[in-house]
Amino acid sequence: MSDILSGLNEIQKKAVSQIDGPVMVIAGPGSGKTRVLTFRIAYMIQQGISPHNILALTFTNKAAREMKDRIEKVLQGNVAGLWSGTFHSLFARILRIEAEHIGYPTSFTIYDTDDSKSLLRTIVKELNLKKDDYPANQLLSRISSLKSNLITPRTYEQDEKLMNSDKIANRRAFHKIYSRYVARCKQAGAMDFDDLLYRLYELFQKKPDILTKYRERFKYILVDEFQDTNFLQYAIIRKLSKYPGSPKNICIVGDDAQSIYAFRGATIDNILDFEKDFKSAQVFKLEQNYRSTPHIVAAANEVIAKNRRQIEKKIWTSQGEGEKIRILKTVSDNEEGKRIADQIMEYKNRYHVPNQEIAILYRTNAQSRVFEDYLRRYNIPYRIYGGLSFYQRKEIKDLLAYLRLLINPSDEEAFKRVVNYPKRGIGNTTMDKVMEHRTREGTDLYTAAQTAPLSPRARTQLNKFLKVIRAGINKNETAGAYEAAEYVANASGIIKTFKDENTTESLNRLENIEALLNGIKDFMDEDEVSELGIEVEERTLAAYIQHIALLTDQDNDSEAEEKITLMSIHGAKGLEFDAIFVVGLEENLFPSFMSMENEKDIDEERRLFYVAITRARKYLTLSFSNSRYRYGKVVYNRPSRFLEEINAENYDNPNTVFGKTSFAGGGAETTTPSARTRFKPIKKKKTIVAPADFTPASSDEIKEGMEVIHQKFGKGKVLKIDGRNDSRVATIYFNEIDTPQRRIMLKFAKLQIV
DNA sequence: CGCAGGCACCACGTG
DNA sequence: GGTGCCTGCG
């Protein structure tokens, strides 16, 4: 530990030891980025810099935790006082401390996307607008991007261009919705995700002395995954580090080639601007890849070379020969699931790759299902990341809504969510009255609920609800968070409802409620670090709620060991595995149909593909399917253009990609790559029949020796039919597909006779 | 006011 | 294939 620098390569050493002044580290995949970051902080502390003066911003809580653990190990001591975490969680921490300066209560709550959308829907309704003209999703993403670009409702109004574009686009009311949304969030004492950034910026802008306080504290700032920061995040970083007399000790680490969050406002302009903003910045490029074998590295370089506009670099490896990239071509998404499960078995048996070193990566979470099915069938343990997490379950969100009310009764979304849950006879009519009263009085919903004139019956019921909340608030203050939560879970009737229902479903929900209560207990009892390892300053219900709101997908992986990983490519950023399967490589899926319009979006998809393949250490498999289910319908897609962007010599079975496969002779894929075949675009449309002109024959018309067409498998010849009546099975040879011989249940088959 | 059943729309990715 | 919203009835 006396020499932290030993064991690093030359460039890494420089990136670690240059601690004064602005530094930009461009780090290719697998180039030891995390190592550099952790060693850099450890080195700083060893040089006598107080951890208290260091701010390290990462993308996930997990990354922050890992970093901290590793620093502690290197220094064999603690790093108390170091602030490391996500932008959102650290900024929320500052806002919690300074809330009163911007007119927020210390106990402000955080609206998640569902809350925001629900509020927007309410506002649209209040303004008597049609929800089809103002879909909540679009409104929210527009508002989010405005906030991220520091455009407030006021500056919006003064911007003729913006106002005009709304007129043209027939959404004149947008400005009204935006300002009302902002006002209502504030009135409810709530911040949405963007507010956690925007309000901090506002705080720094309005209160110079507070800004100074944090400037003096955070003398050294590090930002990980800088390519994924948006304009606002960078603006805050600049506020903290760029001012007259600033030491400008700022280090950003990133890789423009791995920028995959443009859709939420991230811009690689930030990387390009950094050098302009900090003219004296020293730039280090980490290009040696320690992770992957040569074919994978070569493929990555070939793919990313197709993008225009990027910082020049080329990753390289000194590793010897490794496996070539495999391709799987299948006829359906179902078969894709099966073939991949088969290959996983092969990896396990032949190469002894442990489960936790295997990952299946897809573009959209909806693709996970088939893989789940087959992994379960093969008894291979797996874990799915993303999709509905524990905290997104209905029963959990309901109880959390109650808890949110305990710390902030003004929280309008929480109030509406549970005022009539469990059912207590407070329906739309009553709530409309309360809402009207709220508008008339200009108060928050909670206050209005206490004074609104109502029918005696509604009043009694509403009072019962308010009483539970009041008692809960009281309990929280006197007895503590766990006791309050337990009280509310019972007094609200949630627990009773599930018990009474007494179905497997409801008992399962009850278990989840209990798990949540236990989670609160753990959180409160833990004295330093929560089970998730995220350092929190205080142990209160408010801190717990905030902590939950800011969890990231990668954070809940306590039992990841011994299991195969299934996740979206976005979720896989920063991770690595021995064996990677990138699935669903089809046009309209990956690249996504949303990106087909313009080159810029395709570039982002390509970077996503780049991220996907560079997760692999040794084995990489790419798969695509001719057809798959989407919205319950079969769709046919061509193979992804990205497949052709990898040079044939890096493929184990290149003919599968380059369209020359004859599929004759049993569809064997044993062809060796012929020299440096340059890729040809796949022009030939697949001979799969479109559903429109497809008229299946009835099953008893099918006879041996017939030529038939199958909706998915294409043309084939009936070799044999066995069984009788409903259990008749035809053995058919489909010469257009990979594994041509199939057995088809005639009862279900859709076959057209040629 | 509650509930059942029909429906539209959805879903690309996230703190 | 799922969810959340609307409608119409009891």
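Remember, it's a predicted structure, so these values are computed and weren't measured experimentally. Note on naming: letters A, B, ... go to the chains in the order of the sequence lines (proteins, then strands), and numbering restarts at 1 for each one.
The CZ-P distance, from A/Phe59 to B/dT14, rounds to 10 Å in whole Å. Between A/Asn598 atom CG and B/dC12 atom C1' there is a gap of 15 Å when expressed in whole angstrom units. To the nearest angstrom, P of B/dA11 lies 19 Å from CZ of A/Arg628. The distance between atom CD of A/Glu604 and atom P of B/dG13, rounded to the nearest whole Å, is 13 Å. Atom P of nucleotide C/dG2 and atom NZ of A/Lys394 are separated by 18 Å, given to the nearest angstrom.
Remark: A/Arg142 engages A/Tyr156, A/Asp166 in a side chain to side chain donor-acceptor pair (under 3.5 Å) (not counting sequence neighbours). Under the rule for a side-chain contact (heavy atoms from CB on, under 4.5 Å), the partners of A/Glu576 that lie at least two apart in sequence or sit in another chain are A/Arg291, A/Arg617.
The residue A/Phe87 sits apart from the nucleic acid: no heavy atom pair falls under 4.0 Å. Across all strands, A/Thr430 comes closer than 4.0 Å only to sugar-phosphate atoms, never to a base (heavy-atom distances).
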Each nucleotide N or O in nucleotides 2-9 of chain B that has a protein N or O under 3.5 Å away: list the pair and distance.
from, atom 1, to, atom 2, distance (Å)
B/dG2, OP1, A/Gly425, N, 3.0

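For the pair A/Lys338 and A/Glu335, the salt-bridge criterion is not met [side-chain N within less than 4.0 Å of a carboxylate O]. Taking a cutoff of 4.0 Å between a charged side-chain nitrogen and a carboxylate oxygen, A/Lys33 and A/Asp255 do not qualify as a salt bridge.
Crowding of A/Lys496 atom NZ: a count of heavy atoms from other residues, nucleotides or ligands under 6.0 Å not exceeding 12.
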